[in-house]
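What follows is a single structure, written as structure tokens, with notes after it.
Values below: all heavy atoms of this structure, side chains included; hydrogens, waters and symmetry mates excluded. All chains are named by letter (A, B, ...) in the order of the sequence lines, taking the proteins before the strands, and each is independently numbered beginning at 1. Owing to the predicted nature of the structure, the values given are computational and were not obtained by experimental measurement.
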Amino acid sequence: MSSISSLNKVHKLGLFGDFQDKNETNLIKIKEIKNINLFQIVKHKKSKQDISNLKIDGVSLPKNLHSSSSSSTRIIWMGPENWFVFSTKNLIPELENFDDQDFAITNLSHSRCIIEIEGDMIYEVLKKGSPLDINKLNEGDCANTVYNGITITIDFVSNNPKIIRILGLRSFGESLYHSITDACLEFGFKSI
Amino acid sequence: MLYIKCPFCGMRSQNEFAYGGDASVKRPELNKEISNNEWDDFVYNRKSLRGKHIELWHHVSGCRQWFKVQRDTATHEIFKTAKMDEQI
């Protein structure tokens with residue numbers, strides 16, 4: 001778990017962009033998700049382990065382009081036999097039970113930035129920088145794509161209200177944040 | 001702009017992919033004695049066909065998997081995509 005925010009120099013709280021004369025509840029909300037454990041789980045090609053019954057903190061590994069979650073843990077599909085596990089819990093004791101003949105597990109808590117955006121216009125924000133066909137996607141879906149040339153992962157957390165999380169490499173975090181906030185300016189946004 | 005159907009993620013924009021060259025090139029058998037010309041053919045010489053061509057593409061900003069694409073090099077029409085262990 002990284003105790004230093006990847007966006008601490010750029011994420012300033014307040015109202016920005018075209019927020020005047022608008023109801024604050026209708027503005028896009030932007031926040032950084034930090035102090036969270038993140039693990040990558042990769043199943044080895046030659047492994048014959050059946051993953052259908054496998055659970056982490058009670059959450060099963062999702063299928064292609066989907067996510068699964070509980071109140072404390074969220075798992076997203078990253079590629080064939082490849083998942084990201086986010087949790088507010090310390091999952092290390094549970095993950096140590098995974099056989100290293102079947103799985104490679106890497107702690108990536110320090111190496112990603114996660115930006116959560118919420119609001120009715122967030123799909124328009126995504127469309128400004130990403131070629132992904134966002135309208136086809138729903139709550140519980142996830143996708144890897146690009147945003148203004150930066151490789152990102154989009155996790156569709158909720159449909160009502162519309163909430164998505166955008167993951168990028170930590171070193172691209174500030175650049176990604178500026179890209180997203182620039183796209184939000186015309187709608188007005190609140191950093192929280 | 002091409003739209004390529006990744007066998008794992010579905011239809012995506014070309015922005016997410018990287019071209020990986022001719023998918024029909026076969027590496028010489030391990031430990032087999034081969035000539036310099038055969039090495040040249042494997043490493044450098046390509047047919048650069050005009051028409052249907054099987055290529056490698058990498059979904060570098062997606063699932064990070066390599067896969068095969070059958071594409072017309074003249075019209076850019078994509079006929080079929082397949083996983084690496086599948087035949088086109």
How about [range] versus chain B: which residues have heavy atoms under 4.5 Å apart?
range	answer
residues 138-154 of chain A	A143(A), N144(A), T145(A), V146(A), T151(A)
residues 179-192 of chain A	none
residues 76-85 of chain A	W77(A), M78(A), G79(A), P80(A)

Close side-chain approach of [X] to [Y], heavy-atom, < 4.5 Å:
X	Y	result
C9(B)	Q65(B)	no
I41(A)	I56(A)	yes
Y3(B)	I78(B)	no
K5(B)	M11(B)	yes

Are there residues of residues 26-48 of chain B that reach to under 4.5 Å of chain A by heavy atoms, and which ones? none

Is there a donor-acceptor pair under 3.5 Å between the side chain of N23(A) and the backbone N or O of T25(A)? yes

Give a yes or no answer on whether the side chain of H178(A) reaches the backbone of L176(A) with a donor-acceptor pair at less than 3.5 Å. no

In the single-linkage hydrophobic clustering (I, L, V, M, F, W, Y; side-chain heavy atoms under 4.5 Å), do [X] and [Y] co-cluster?
X	Y	value
I164(A)	L167(A)	no
F16(A)	V10(A)	yes
I163(A)	I30(A)	no
V125(A)	F156(A)	yes

Does a sphere of radius 6.0 Å around [atom1] in [X] hold more than 12 heavy atoms from other residues, nucleotides or ligands, not counting ones at 6.0 Å or beyond?
X	atom1	answer
F19(A)	CZ	yes
K55(A)	NZ	no
K127(A)	NZ	yes
K31(A)	NZ	no

Would C6(B) and T81(B) count as a side chain to side chain contact (heavy atoms under 4.5 Å, CB included) if you check the C-alpha gap in whole Å, the side-chain angles of each, and the deciding distance to 0.1 Å? CA-CA 7 Å; C6(B) 168; T81(B) 60; over 6 Å; no

Determine the option with the most heavy-atom pairs under 4.5 angstrom with chain A, choosing from R64(B), H59(B), M1(B), R12(B).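 Looking at each option in turn, the highest pair count goes to R12(B).
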
Output the distance between atom OG (S24(B)) and atom CD1 (I88(B)), rounded to the nearest 0.5 Å. 11.0 Å

Please work out whether the ring planes of F103(A) and F98(A) are parallel, tilted or perpendicular, with thresholds of 30° and 60°.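 Judged by the thresholds at 30° and 60°, the geometry between F103(A) and F98(A) is perpendicular.
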
